[in-house]
Chemist: 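The structure that follows is given in the form of structure tokens.
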Amino acid sequence: MQTLGRAPRLTRRNLLAGLGAACLPWPALAARQSVVLRPAALSTRIAGRRLDMLGFNGTIPGPEIRVRQGDQVDIRLENGLDDGALVHWHGLRVPNRMDGVNVLTQDVVIPGRSHDYHFALPDAGTYWYHSHYLSYDQVSRGLFGAFVVEERDPPEVDHDITVQLFDMMIDEEGRYDDSFDPAQFATAGKIGNVATAFVSRDGIRQGDRLRLRCINPSIDRIYELRLSGVAGNIVALDGMPLPAPRPLAPIILAPGQRCDVIADVTGPVRLTDTYGGTSVTLGEIAMEGSRTPRRSAIPGLPANAMPAPGPVDAHVDLVMQGGAGGGDHDGFGTWALNDVSGLPRRPLVDVRRGATVRMTLRNATAFPHVMHLHGHHFHELDARGASGAYRDSTLVGAGAARDILCVLDNPGSWMLHCHMLSHQTDGMATWVRVR
Ligand SMILES: [Cu+2]
């Protein structure tokens, strides 16, 4: 499906214009921004069809929140839905009570009520926000948006563009199909028959240097994203800069994951998904004219200040169980983690602040899972135990295992769950406690 949506951007200017008296002028350094997010039903045009879905502030994706590292945000969630609402700030290291998780950090916001979130942005990078209430349903209907934290001294590019990969099920009459088949919960999830890319702007020139912030807000679909017409590097994963940027190659993006690419335009820019061996065109970025390409090397990104791991204080096993062909477990749901479906009474780990925890994530099922830890990033470890990239969501293939190393330094109760939201809702969730 070849369509591109346009994600409106909450920049400093239109934030000020849109929110009027709620905002202070934009000072040169650390600033406080006010944002209102109002989820509600909407009728919108995506992929050439008019669809009845949900959106924040009348759009899918919701408005792009764009702030600068070190800033503070005040975000008011005004619930315009006929159902509960919660918003989670995916990948952002926020205080626990701002994390937007039912039961663990706050109550659900009932229809017509509002809730205020306030937090600072210690890390630059590409993040996103989404509903965390009945999220398999609400995110699949459109309740998500990009959350960009710019570096204080950002790399020089001509365009900084967000790309959100999204799929939907469209029925035979061309309507948005909101049904969930039980068989989908027990397998790879609800994979839409239409996939598209929402690109925040176009009008690029041949020779331009782009920063592409690619985000996968799809509920269950894994993409293998191929970018053609650009040459450059992958510079960050899940918001966190890579110490050594990697030459651009097809990028696996599981639900919740992100990658940043800095690349020069060499021809028509196309986005294609080749996961599973089939090729699906997600969209293109329209090009007009050309410029002399830069001669300078593709820049990397400055590291965020992350806590250094110490000696391992605890090593825990987390076994993913269930699903079709996945064998028995003791949980009540289709899926389970360590024989429990849904949040267990006691946390998976309960540690003092600053503890270094190694987790072995074992996938004993017949499907891949992407495990997301709230409030922290962690290192993926390779087979020899060497640290790989920082991530907040790690993909573990069917029958595979991966160790991760995490400094749990953010106090509170944090969810750890599969970000295939059909799996999360049917049991694949646990939590950790940091005292
Ligand atoms: Cu899963």
Side-chain angles (χ1 to χ4, degrees), residues 88 90-91 101-102 104 128 130-140 144 165-167 169 180-192 195 215-224 238 252-258 273 275-276 316-344 348 359-374 378 380 391-404 406 414-432:
H88 169 59
H90 186 120
V101 175
N102 193 14
L104 287 184
W128 64 297
H130 62 85
S131 160
H132 214 284
Y133 179 66
L134 300 177
S135 55
Y136 74 100
D137 182 56
Q138 292 193 356
V139 176
S140 73
F144 63 88
L165 311 180
F166 191 58
D167 71 337
M169 190 66 80
F180 280 83
D181 178 343
Q184 293 164 346
F185 286 111
T187 57
K190 184 177 181 180
I191 308 295
I215 307 171
N216 180 3
S218 303
I219 56 165
D220 293 316
R221 186 186 187 113
I222 302 170
Y223 297 83
E224 181 181 60
D238 290 358
I252 295 286
L253 283 180
Q257 293 186 318
R258 291 88 66 212
D273 172 30
Y275 186 75
V316 295
D317 279 309
L318 187 68
V319 185
M320 301 162 228
Q321 301 160 307
D328 289 339
H329 57 76
D330 293 337
F332 62 80
T334 301
W335 303 96
L337 296 172
N338 290 1
D339 276 316
V340 179
S341 298
L343 293 183
L348 175 72
M359 291 187 201
T360 299
L361 311 176
R362 280 181 220 288
N363 183 349
T365 81
F367 296 89
H369 301 285
V370 54
M371 298 304 296
H372 170 50
L373 175 62
H374 286 217
F378 51 78
E380 291 179 335
R391 306 226 57 148
D392 57 50
S393 305
T394 186
L395 180 63
V396 186
R402 167 162 298 116
D403 280 27
I404 62 171
C406 187
W414 301 101
M415 209 164 172
L416 169 61
H417 64 90
C418 181
H419 217 286
M420 283 145 179
L421 299 176
S422 297
H423 298 169
Q424 178 204 337
T425 198
D426 209 357
M428 212 170 246
T430 186
W431 60 296
V432 303

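First listed ligand is number 1; within each ligand, the first listed atom is number 1.
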Chemist: Can you find a side-chain donor-acceptor pair between Ser422 and Gln184 that sits under 3.5 Å?
Modeler: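 Their side chains do not contain a donor-acceptor pair, so the 3.5 Å distance test is not met.
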
Chemist: Give every protein N, O or S atom lying under 2.8 Å from the Cu ion (ligand 1), naming each by residue and atom.
Modeler: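 Less than 2.8 Å away from the Cu ion (ligand 1) sit His369 ND1, Cys418 SG, His423 ND1.
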
Chemist: Between Asp167 and Lys190, is there a side-chain N and carboxylate O pair less than 4.0 Å apart?
Modeler: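 Lys190 and Asp167: not salt-bridged.
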
Chemist: Provide the full list of side-chain hydrogen bond (donor to acceptor under 3.5 Å, both in side chains) pairs with a residue in residues 323-334, sequence neighbours left out, each pair given once.
Modeler: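 For residues 323-334, and leaving out neighbouring residues, the side-chain hydrogen bond (donor to acceptor under 3.5 Å, both in side chains) pairs sorted by first residue read Thr334-Asp426.
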
Chemist: Looking only at heavy atoms, which two atoms of His90 and Gly256 are closest? And how far apart?
Modeler: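 Of all heavy-atom pairs spanning His90 and Gly256, the closest is NE2-O, 3.4 Å.
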
Chemist: Name all residues meeting the ring pair (Phe, Tyr, Trp, His ring centres under 6.0 Å) criterion together with Phe185; count only those two or more places apart in sequence or in a different chain, and write none if there are none.
Modeler: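 Residues passing ring pair (Phe, Tyr, Trp, His ring centres under 6.0 Å) with Phe185: Tyr136, Phe180.
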
Chemist: Under the salt bridge (Lys or Arg N to Asp or Glu O under 4.0 Å) test, which residues partner Arg362, sequence neighbours left out?
Modeler: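 For Arg362 the salt bridge (Lys or Arg N to Asp or Glu O under 4.0 Å) partners, ignoring immediate neighbours, are Asp317.
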
